[in-house]
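Down below is the structure, laid out as structure tokens.
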There are 2 protein chains.
Amino acid sequence: MPRTKQFDEKEVLNKAMELFWEKGFHATSIQDLVSHIGINRASIYDTYGDKTALFDKAFEQYRNNSLESLRNILHSEPDVKKGFQNLFQLVIDDVKTGRCTKGCFVVNTITELVPGDAALQNKLVQNSAITEALFAEYIRNGITSGNLTTSKNPEAMAFTLFTLFSGLRVMAKIEQNPSKLSDTIAIGLTILD
Amino acid sequence: MPRTKQFDEKEVLNKAMELFWEKGFHATSIQDLVSHIGINRASIYDTYGDKTALFDKAFEQYRNNSLESLRNILHSEPDVKKGFQNLFQLVIDDVKTGRCTKGCFVVNTITELVPGDAALQNKLVQNSAITEALFAEYIRNGITSGNLTTSKNPEAMAFTLFTLFSGLRVMAKIEQNPSKLSDTIAIGLTILD
DNA sequence: TTTGTATCGGAACGATAGTTCCAAAATAGA
DNA sequence: TCTATTTTGGAACTATCGTTCCGATACAAA
């Protein structure tokens with residue numbers, strides 16, 4: 001009976017994600033979203049709720065996308081160092097092409113909105129834990145299979161690489177010399193030795 | 001002849017810095033500043049200019065403070081690894097005491113306001129260059145004096161440690177387990193080996 | 001003490017924030 | 001084709017945004 005929606009929910013969420021990702025929560029107004037997405041204010045509120053709810057959904061979508069591509073990148077490369085190299089290389093590619101200057105939505109959100117809303121903070125902590133666990137498992141498998149030879153603690157290495165990765169996503173926003181970032185990655189990966 | 005100011009300019013700038021540092025540029029309103037600082041709106045505008053100008057001055061003050069304490073920490077410790085250890089330890093101390101959850105004002109500003117105003121971006125690039133140079137010189141001195149034994153490139157190590165440091169300041173906002181951060185530092189400093 | 005000048009307190013400005021509401025439009029089923 | 005139901009477009013609401021203005025105040029110099 002009802003009239004059908006004239007937009008695709010996922011597609012709109014993607015556009016909202018892009019804008020929040022680029023400008024952050026506070027600098028993105030509902031009007032910005034309306035203009036950028038091209039749908040009516042009322043449609044946003046009816047479909048997603050208020051600004052915070054929309055942000056949450058957009059952020060959730062980013063997390064899902066990232067975690068999935070993260071898993072793909074690592075699991076498609078049996079050599080641990082190469083796997084991390086491939087992951088880190090994505091950041092450099094963004095700088096090289098100049099296509100994406102938005103940094104990492106998660107990092108941006110941590111620095112903008114923590115301390116603040118407790119629910120969001122929990123989500124961020126959980127996201128960090130999942131990523132660390134992913135890194136750690138990947139490293140442990142490398143050690144077990146003999147691909148990696150190190151006496152260091154896998155979990156600690158995982159957290160260190162994750163920290164370095166987060167730092168890289170900050171630096172990539174202002175450091176436009178890709179070779180400098182490449183050198184950093186090469187040195188950073190010696191952590192695995 | 002004129003009436004004297006009823007507040008200390010530096011002191012007020014410090015309070016403005018605290019607020020911008022904690023909440024970021026966009027989430028900090030003039031009213032927030034008026035309430036937190038305790039002076040009148042007109043006094044802010046008369047003394048510092050508009051919101052952007054005040055932010056710039058507050059940010060400049062943070063940079064000066066940080067660079068000075070950075071220099072002090074490194075120059076007071078001849079052992080390079082210990083020097084960096086001491087520097088990184090400050091981040092952990094913030095987490096341990098729970099006193100400062102604001103992260104790093106510079107990192108926060110990069111993730112919030114880049115890409116954006118070109119003048120600010122230049123300032124951030126310059127700040128990064130100064131810090132890298134400081135790190136690099138410290139490392140080079142360590143190599144020259146025989147305190148450090150490594151075949152790696154000092155500038156690249158400097159940038160890597162700076163990147164790791166930036167990442168640490170992000171992670172410290174959500175990772176409340178200090179020992180995890182300590183482990184990361186220990187592993188991160190093996191970059192100097 | 002008087003005078004001139006800058007500051008202070010607070011009201012007020014227009015613009016924009018996030019949000020709500022409602023009449024008009026549109027479509028899936030009867 | 002008609003009807004019931006939902007979406008849509010856009011006006012409108014209140015609150016707050018950054019900023020300006022001005023009369024009252026207070027101090028340094030004469």
Side-chain angles (χ1 to χ4, degrees), chain A residues 1-60 108-109 112-113 116-120, chain B residues 1-61 105 108-109 112-113 116-120:
Chain A
M1 304 154 177
R3 178 177 174 182
T4 50
K5 272 192 206 301
Q6 290 188 337
F7 61 89
D8 180 66
E9 278 199 38
K10 267 274 171 72
E11 202 176 306
V12 165
L13 206 54
N14 249 311
K15 289 201 172 186
M17 182 188 77
E18 281 174 16
L19 212 57
F20 277 130
W21 182 1
E22 180 186 329
K23 296 160 68 84
F25 178 78
H26 285 108
T28 303
S29 69
I30 299 289
Q31 185 55 51
D32 288 337
L33 290 161
V34 169
S35 305
H36 184 251
I37 296 174
I39 65 171
N40 191 264
R41 316 168 90 70
S43 300
I44 294 180
Y45 281 90
D46 286 349
T47 310
Y48 307 97
D50 64 12
K51 187 185 175 185
T52 302
L54 174 59
F55 180 86
D56 281 347
K57 290 188 174 74
F59 186 63
E60 199 68 22
N108 295 354
T109 301
E112 184 186 4
L113 301 178
D117 180 61
L120 177 64
Chain B
M1 305 156 175
R3 179 179 176 180
T4 50
K5 273 191 205 299
Q6 289 188 338
F7 60 88
D8 180 64
E9 278 199 37
K10 266 275 173 72
E11 202 177 304
V12 165
L13 207 53
N14 248 312
K15 288 202 173 184
M17 181 188 77
E18 279 173 17
L19 212 57
F20 277 130
W21 182 2
E22 180 186 330
K23 297 161 66 83
F25 178 78
H26 285 108
T28 304
S29 69
I30 299 289
Q31 185 55 51
D32 288 337
L33 291 161
V34 169
S35 306
H36 184 253
I37 296 175
I39 66 170
N40 190 265
R41 316 167 91 69
S43 300
I44 295 181
Y45 281 90
D46 286 349
T47 310
Y48 307 97
D50 63 13
K51 187 186 176 185
T52 301
L54 174 59
F55 179 86
D56 281 346
K57 290 188 174 75
F59 186 63
E60 200 68 21
Q61 177 147 314
F105 195 7
N108 295 353
T109 300
E112 184 188 2
L113 300 179
D117 180 60
L120 176 64

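Protein chains get the first letters and strands the later ones, always in sequence-line order, with residue 1 at the start of each. Bear in mind the structure is a predicted one, so any value in this text is a computation, not a measurement.
Distance CG (B:N40) to P (D:dT20): 14 Å, rounded to an integer number of Å. C:dT19 atom P lies 11 Å from atom CG of A:L33, rounded to whole Å. Rounded to a whole Å, the CD1 atom of B:I37 is 16 Å from the C1' atom of C:dG9. C:dT19 atom C1' lies 18 Å from atom OH of A:Y48, rounded to whole Å.
A side-chain donor-acceptor contact under 3.5 Å links A:D32 to the backbone of A:S29.
Applying the 4.0 Å criterion to OP1 and OP2 of D:dT8, one finds that A:S43 has a side-chain N or O inside that range.
Between A:L113 and A:H26 the shortest side-chain heavy-atom distance falls below 4.5 Å. B:Y48 places a side-chain heavy atom less than 4.5 Å from the side chain of B:V12. In this structure the side chain of A:L13 reaches within 4.5 angstrom of the side chain of A:L54, judged on heavy atoms. Put simply, the side chain of A:F20 does not reach to within 4.5 Å of the side chain of A:T109, judged on heavy atoms.
Enclosure of atom NZ in B:K57 by more than 12 non-hydrogen atoms of other residues, nucleotides or ligands within 6.0 angstrom is indicated.
The side chain to side chain donor-acceptor pair (under 3.5 Å) pairs that include a residue from residues 33-42 of chain A are A:Q31-A:S35, A:Q31-A:R41, where partners are two or more places apart or lie in different chains.
Not a single salt bridge (charged side-chain N to carboxylate O under 4.0 Å, His left out) links B:D117 to another residue, sequence neighbours left out. Here A:E9 pairs with nothing under the salt bridge (charged side-chain N to carboxylate O under 4.0 Å, His left out) rule; sequence neighbours left out.
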N/O-N/O pairs, protein side and nucleotides 15-18 of chain C side, under 3.5 Å:
| unit_1 | atom_1 | unit_2 | atom_2 | d |
| --- | --- | --- | --- | --- |
| C:dA17 | OP1 | A:S29 | OG | 3.4 |
| C:dG18 | OP1 | A:T28 | O | 3.4 |
| C:dG18 | OP1 | A:K51 | NZ | 2.6 |
| C:dG18 | OP2 | A:I30 | N | 2.7 |

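Using a 30° and 60° split on the angle between ring planes, B:F55 and B:F25 fall in the perpendicular class, above 60°.
In the region residues 9-18 of chain B, proximity to DNA chain C at under 4.0 angstrom, judged on heavy atoms, holds for none of the residues.
Direction of the helix axis in the helix from C:dT1-D:dA30 to C:dA30-D:dT1 shifts by 10° between the two five-pair termini, rounded to 10°.
No side-chain donor-acceptor contact under 3.5 Å links B:S43 and B:D46.
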